[in-house]
Visitor: 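Quick one: the structure is below, questions incoming.
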Amino acid sequence: MTDFEPFYDVNLSYDDNYAKGPFGAFAAALADGGAGDSANDAEAQAAAGTVDFLGHQVNLPFGIPAGPLLNSRFTTAAFRMGFDLATYKTVRSRAWGCNPFPNVLAVHPKAADGSLTPGSAELDEGVLADTRYEQPISISNSFGVPSRDPDEWQPDMRRAIEAAGPGQLLIPSFQGSRVEGMTTDDYIADHVATARLVTETGADLMVMNTSCPNEGHNRLLCHDPALVGRITEAVKNEIGDRALAIKLAYIPPTEVTGGWGPERTIVDDSALEFMVRETAARGSVQAFSAINTISARLVDADGRQALPGAGRDRSGVCGRAIRHAGLDMVARLAAIREKLGLDYTIIGLGGVVAPEDYAAYRAAGADAVMSATGAMWDADLARRIKAAR
């Protein structure tokens with residue numbers, strides 16, 4: 001285990017992290033009230049100017065996506081550490097339990113650069129996972145999108161929104177919940193009800209998760225663009241002028257060979273373009289956040305299931321392993337944006353562990369960049385990116 005203390009303690013349960021966290025430098029930032037460095041950060045940002053992010057002026061379009069910021073203590077600490085975009089952990093319309101502990105393991109792909117390739121055989125054959133946390137970090141994400149009851153998360157989300165400093169923005173994340181016996185109309189209605197609960201906190205924008213890796217490898221909502229279109233239209237009708245972003249998993253292009261000989265290969269990106277046409281092109285979605293995780297079968301050194309429990313042979317993998325896939329998705333979203341003449345915002349994430357990763361995502365077409373795993377293991381990441389500009 002690294003001697004650095006991540007702000008989410010992987011050796012504790014989700015509930016213990018929720019009650020006792022954050023840890024490390026994030027805990028220190030809360031304890032000192034954000035004095036000292038925060039004032040210096042504010043002065044530096046005032047000199048650097050702000051940029052527009054979905055109608056809000058932010059210091060640096062960099063932050064932490066939905067996942068590790070469990071409540072207002074975590075989001076407030078993130079603001080104080082210089083992360084100007086802080087995403088509140090995905091909430092639901094009802095209380096929802098977490099997968100059994102452990103939820104996080106270190107993941108070690110076979111590739112020399114530590115990357116995973118979407119669609120590769122390795123994802124099904126098995127990827128080694130254990131407790132050797134090494135940089136650049138990749139980890140499992142096996143939580144099941146737990147949520148507190150709205151009676152608890154709504155007042156806490158209000159506190160999180162109010163804690164944002166000048167040039168900072170709290171972004172709530174939400175999703176609908178599938179329960180036995182629910183019809184498609186019921187599922188859509190649950191998204192709308194949850195979005196309504198978010199608006200009641202005073203939030204000016206929100207991101208909808210369509211890519212939960214724990215819904216099942218073949219059940220991701222974003223694999224059904226037509227349904228995503230129906231849901232986002234209904235949600236947008238509920239939230240009005242507030243900006244709506246959706247978080248996507250990796251949606252692969254397909255290669256079609258033919259035409260003028262077998263050497264001619266055409267990349268067909270119609271699946272991702274269909275998602276854009278069903279959402280952003282219809283005005284229901286103003287931003288795409290990509291990517292979430294890559295689903296993989298995780299095994300221990302003996303080839304056995306690494307995470308205990310039924311239905312947990314696979315997990316979403318995040319961190320450095322998915323950097324290439326995230327950059328690819330952002331570049332393709334940017335190309336589709338230009339092709340269709342649209343102006344949606346692209347939020348790039350996946351494998352951002354160093355300032356050069358932030359720069360690579362911006363160069364690929366991202367308007368904003370976020371880091372979950374990288375930020376967990378490097379609380380100074382936002383400040384290092386600002387220093388490198």
Side-chain angles (χ1 to χ4, degrees), residues 6-9 14 17-46 48 50-91 146-174 195 197-207 239 242-243 245 289 347 368-372 375-376 378-383 385-386:
F7 66 73
Y8 181 99
D9 189 340
Y14 171 85
N17 271 277
Y18 190 98
K20 301 174 183 178
F23 301 96
F26 270 41
L30 285 181
D32 68 17
D37 286 347
S38 292
N40 295 331
D41 289 346
E43 290 180 7
Q45 287 303 320
T50 59
V51 298
D52 180 82
F53 175 78
L54 294 172
H56 299 266
Q57 293 300 307
V58 299
N59 298 325
L60 180 73
F62 179 70
I64 300 176
L69 302 180
L70 308 189
N71 52 43
S72 61
R73 294 194 310 279
F74 284 78
T75 58
T76 300
F79 286 139
R80 293 179 180 175
M81 292 302 297
F83 295 89
D84 294 323
L85 300 173
T87 311
Y88 195 99
K89 177 83 174 79
T90 303
V91 296
S147 175
R148 263 28 190 194
D149 186 271
D151 286 346
E152 181 174 350
W153 67 250
Q154 277 191 306
D156 188 64
M157 186 177 286
R158 292 188 189 99
R159 290 190 290 270
I161 292 170
E162 293 168 357
Q168 297 182 325
L169 183 64
L170 190 284
I171 307 171
S173 176
F174 77 99
L197 291 169
V198 172
T199 65
E200 291 172 359
T201 69
D204 290 329
L205 77 170
M206 62 193 73
V207 58
I239 68 175
R242 295 174 179 86
S289 177
I347 306 164
V369 182
M370 293 191 177
S371 172
M376 283 171 61
D378 183 359
D380 286 322
L381 183 56
R383 290 174 178 168
I385 291 172
K386 290 173 181 179

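Computed from a predicted model, the values in this text were never measured in an experiment.
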Visitor: So, for Thr201 and Trp153, which heavy atoms are closest and what is the spacing to 0.1 Å?
Guide: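 Shortest heavy-atom separation between Thr201 and Trp153 comes out as CG2-CZ3, 4.2 Å.
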Visitor: Distance-only check: which donor-acceptor pairs under 3.5 Å involve side-chain atoms of residues 22-30, not counting sequence neighbours?
Guide:
none

Visitor: Keeping the roles fixed (side chain from Arg73, backbone from Gly21), state whether a donor-acceptor pair exists under 3.5 Å.
Guide: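 Indeed, once roles are kept as given, a pair shorter than 3.5 Å links the two residues.
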Visitor: When you compare the side chain of Phe62 with that of Leu85, does any pair of heavy atoms fall below 4.5 Å?
Guide: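 The answer is no, as the side chains (C-beta and beyond) never meet within the 4.5 Å cut-off.
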Visitor: Do the side chain of Arg242 and the main chain of Ile239 share a donor and acceptor less than 3.5 angstrom apart?
Guide: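 Checking the backbone N and O of Ile239 against the side chain of Arg242, a donor-acceptor pair under 3.5 Å is found.
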Visitor: Considering non-hydrogen atoms only, spot the tightest contact between Thr90 and Ser173 and give its length.
Guide: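 In terms of heavy atoms, the two residues are closest at OG1-OG, 2.8 Å.
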Visitor: So how far is it from Tyr8 OH to Leu69 CG, rounded to the nearest 0.5 Å?
Guide: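 Answer for the OH-CG pair, Tyr8 versus Leu69, is 12.0 Å.
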Visitor: So, using side-chain hydrogen bond (donor to acceptor under 3.5 Å, both in side chains) as the criterion, who are the partners of Tyr18 when residues are at least two apart?
Guide: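 Listed in chain order: Glu152.
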Visitor: Strictly below 4.0 Å, N to O, side chains only: are Asp84 and Lys386 in salt-bridge contact?
Guide: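 A salt bridge links Asp84 with Lys386.
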Visitor: Hey, mind stepping through Asn59 and Thr50 against side chain to side chain donor-acceptor pair (under 3.5 Å) and telling me if it holds?
Guide: CA-CA 5 Å; Asn59 298 325; Thr50 59; over 6 Å; no
Visitor: Could you tell me which residues satisfy salt bridge (charged side-chain N to carboxylate O under 4.0 Å, His left out) with Asp204, sequence neighbours excluded, listed by chain and number?
Guide: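 Expected list: none.
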Visitor: For a quick test of reading the model, state the closest non-hydrogen atom pair linking Pro155 to Pro150 and the distance between them.
Guide: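 Heavy atoms only, the tightest pair is CD-O, 3.9 Å.
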